[in-house]
Amino acid sequence: MTLSLTTSVKYLKGVGPKRAEALARLGIRTVGDLLYHAPHRYLDATTVTPLARARVGEEVSCVGQVVTTGVLPTRRGLRVFRAVLRDESGLLECAWPGQPFLERQIKQGQVLLVTGPVRYYHGRQLVPREFVVLADEGEARPERGLVLPIYPATEGLTHRQIRTLIHQHLDALLGLAVDPHPPRLRAAVGIPDLRAALAAVHRPRDPDDAEAGRRRLAFDELFDQQLVQARARHLAKRARAGIEFTLKKELTTRLKEHLPFALTDDQRRAVREIAGDMTAPLRMHRLLMGDVGTGKTVVALFAMLLAVENDYQAAIMAPTELLAEQHGATLARLLEPLELRPELLIGRLTPAEKRAARERIGHGAARLVVGTHALIQEAVTFHRLGLAVVDEQHRFGVEQRAALVEKGDAPDVLLLTATPIPRSLALTLYGDLDVTELRERPPGRGSVKTALRGDAARKKIYAFIRSECAAGRQAYVIYPVIDESERADLKAATTMAEDLREVFAEFRVGLVHGRLKAEERDATMRAFRDNAVQILVATSVIEVGIDVANATVMLIEHAERFGLAQLHQLRGRVGRGAAASHCILLSNVPSAAARLKAFTETTDGFKIAELDLQERGMGELAGARQSGGVPLRYANFATDLPLLEAARRAAAEIIARDPALVRPEHAAYRERIVARYERGFELFRVG
Ligand code: ADP
Ligand code: MG
C-alpha cells in the first residue's frame, strides 16, 4: 500500500497491536501523528567530555560503556547505585545516591549518556542529574548526532523505543510532508521549510537546529489558531449591528450617588469603556478581566442599569447557584435605594416560584435578572434582553454563552473573568473580544500573608487555625483532587476531613468536592457562609467566586500539585474582609520550593499569570482552549510572543483577502483547520 499521512500507524513495520495501543495512548493513531510527535526536550551532548578529563567541580556530559555496577550502602545508611563507565580516554565512576533500584535499569555493556556535576569522593565521581541509555549491550550506538531527542513516552513504550520507531521511518515520513506556506511567508517570518523543520526536530544537528524546527511547528499551530480567530472576527463584524443605547444618566447616576463606596479609578475607566461600546451602533463584545476582589460585579451592574434605563432587560449568568445567590443579594442591596429588585432564577426555586419568575422575565416586569444555567433553558424567554453578562465566563462552554446571548435580539455582551493573562496575549487569544482590565484593588481590604511550610509545622498550623476559629473566624483547608476521577485523591480529602473532625472536635468541619451532588455541596457551602460550619475542607471546587468575608485562614495541602494561577484563585477566597488573612502552603517537595516561594512573594495576579504561563506554556490556558478546542503543543509563551504576533498578522492578511479560504493556494490551510478545529467546519463552510 502507499503510505499517506492518514495511514494508520499499525501498518508501519515495527508496530504490532500492542504497540499500536500504546501509541494511541499518546494520541498517535496515524503516520502523520507519529511524524508530528515532537520530542519534548533534548539532551545536548554535542560537547561531551572524555571521561578522563571530567574535573572535580565541573558540570559535564559524558558518554561511556558500563563496565561494572553495584549497590553500596554509605555510613549513614543511604544506598548508592554505582556504575563505572569507560571510553577511549579512560574510566569514571558514576554514583546515584538513594537510587538502588537503578540496578534493574542500568546494565553492564550498555552505553550511557550522563550529565551532572563531578565531585570528589574517594576519587572523581560523577553524580548524574540525568542519564540516557544510548544502546544496550551489543547494540549499535545511534549513528546520528549527540543532540538526543527525548520523546513523550507512555507505559509500555519507552522514549527510546519511540525514538527508534520514528527514526526507522523518518525519511519515508518526511517525504509525505507538504509545506502549505509560500516561500515569501516563510522568509518574512524567518522559519524553515516544513520538511527541513520536521527533520530538524527529530534529528537535529545541534540545539539551534532543533529550536529552528520547533519554531516552525509552533508558528504553524499559532497560525492555524489565528486563522480561526480572524475568520470568527470577520463573521462577527458582518453580524455586528447592535443596540445603540443612550446615556440617560438616570439609574446609573443614582447608583453612583448611593454606592456605599467610591469606585476605583480602574472601575471608573471600565464603566466608561463599557458605556462607550453600548452607546455605539456596533454590538459590544467585551471581556472584563480582573483579579478576584477587584470589584467586577459593580462594574457589570452599571452596564446592566444602562440597558435598563433604555427600557431593555439585562441578565447576569453565574456558574453556580451560590454565586448567583450572592450576586442576587449584592444587587438587591445596591439597588434598594433605586427601588429596583433583581429577579433570581436558579434551579433551587420551587416549580411555582420558577414559573412566576419566568413569567415576570417573559413580560418584562423583571428588568434585571440574575441566574445560573437555569437562564438558558428553553422555557425561558426574555421580553427584551439588551445586555447579557456572563460571570466567570471560562466556566461556561461556548454554546452556553451563546445560548444566553440568543435569548435576545443581538444584545450587547459582557464577559467577566478572574483569570488574568498578560494583555498582549489576551488580545491574541481572545481575538474577537475587546478587553478591559481591572488591576487596582478597592481599598480597605485586609491583606493576605502567604507562607510556605513543611509538614513539621502542622501542629503549629492547627494551633493557629484553632485560635482563629476560637476568635469567631473561619478557615478553608484545600486538598488537591486534580482530576475528579482520581479516587485515591478523593479518599485522601475525605480522610482529611475525618481527621480534622477529631482534631477540631469543638468546631463544625464541612467537606465539599466535585463528586458531591450540587445540592449537597451548596448546602455545605451555605452552612459555611452562615458560619454554621467553621472549617471547610474542600477540593479546588471552591475556586470560583464564593465570598465569605469572615474566613481568614486558608491551608493548602500538597501545594506543589496546584498550578500558580490556581493557587492564586484559591488564595482569593481569603482576605475578603477587613481582618488580616493568612494563606499557608503546605509542601514537602523540595523541587517545588522555588516556585512556591515565588508565589508567596507576590499577590499581583497578572504577574502570577506570567509566571504560570512560563511554567505551563500557553497550551493549557482556558483561552487557548476557548479559541477552538485545540491545545498548543509546540508554542511556548515565554519565548514565542513575537511568533504569535507574526502569525496573527499573517492570518489577518490572508482572511482579509480570502475570508473563507476558497482560493486554491489556501486549500491546505482550510483542510487542516476543518480537520483540527471543532468549529472549523462551521467557520469555513462555503455558501
Ligand atoms: P470580583 O471582581 O472578585 O467579582 P466583587 O465584585 O465580588 O469582586 O467585589 C468584591 C467586594 O468588593 C464586594 O464586596 C464589593 O462590594 C466590594 N467592592 C467593589 N468595589 C469596591 C470599591 N470601589 N470600594 C470598596 N469596595 C468595593
Ligand atoms: Mg466575581
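Indexing begins at 1, ligand by ligand and atom by atom, following the structure's order.
- One finds a salt bridge joining Arg360 and Glu343 here, because a Lys/Arg side-chain nitrogen approaches an Asp/Glu carboxylate oxygen to under 4.0 Å.
- Residue contact check: Thr297 has heavy atoms under 4.0 Å from atoms 4 (O), 5 (P), 6 (O), 7 (O) of ligand 1.
- Using a 4.0 angstrom heavy-atom cutoff, Gln326 does not count as in contact with ligand 1.
- Of the candidates Asp291, Thr264, Thr294, Thr603, Asp291 is the only one forming a side-chain hydrogen bond (donor to acceptor under 3.5 Å, both in side chains) with Arg441.
- Contacts with ligand 1 closer than 4.0 Å are made by backbone heavy atoms (N, CA, C, O) of Leu263 only, the side chain lying farther away.
- The nearest non-hydrogen atom to atom 27 (C) of ligand 1, considering only Pro443, Gly290, Pro442, comes from Pro442.
- Taking a 4.0 Å cut-off on heavy atoms, Ala262 registers as neighbouring ligand 1.
- When side chains are defined from C-beta on, Ile461 does not count as touching Val553, because their heavy atoms never get closer than 4.5 Å.
- A salt bridge is absent between Glu359 and Arg355; no separation between the charged side-chain nitrogens and carboxylate oxygens falls under 4.0 Å.
- Contact record, Cys583 with Ile556: SG-CD1, 4.0 Å, taken as the closest heavy-atom pair.
- Atoms of ligand 1 found under 4.0 Å from any heavy atom of Arg576 (numbered from 1 in listed order, with element): 7 (O).
- At least one heavy atom of Gly293 sits under 4.0 Å from some atom of ligand 1.
- Inspection of the Tyr462 and Arg466 side chains reveals no N or O donor paired with an N or O acceptor under 3.5 Å.
- Taking distance alone, with nitrogen or oxygen atoms compared against 3.5 Å, Gly295 approaches ligand 1 more closely than that limit.
- The Thr294 neighbourhood of ligand 1 comprises atoms 2 (O), with distances under 4.0 Å to a heavy atom of that residue.
- Within 6.0 Å of CZ on Arg453 lie no more than 12 heavy atoms contributed by other residues, nucleotides or ligands.
- Of all atoms in ligand 1, numbered sequentially from 1 with element shown, those under 4.0 Å from a heavy atom of Thr264 are 23 (N).
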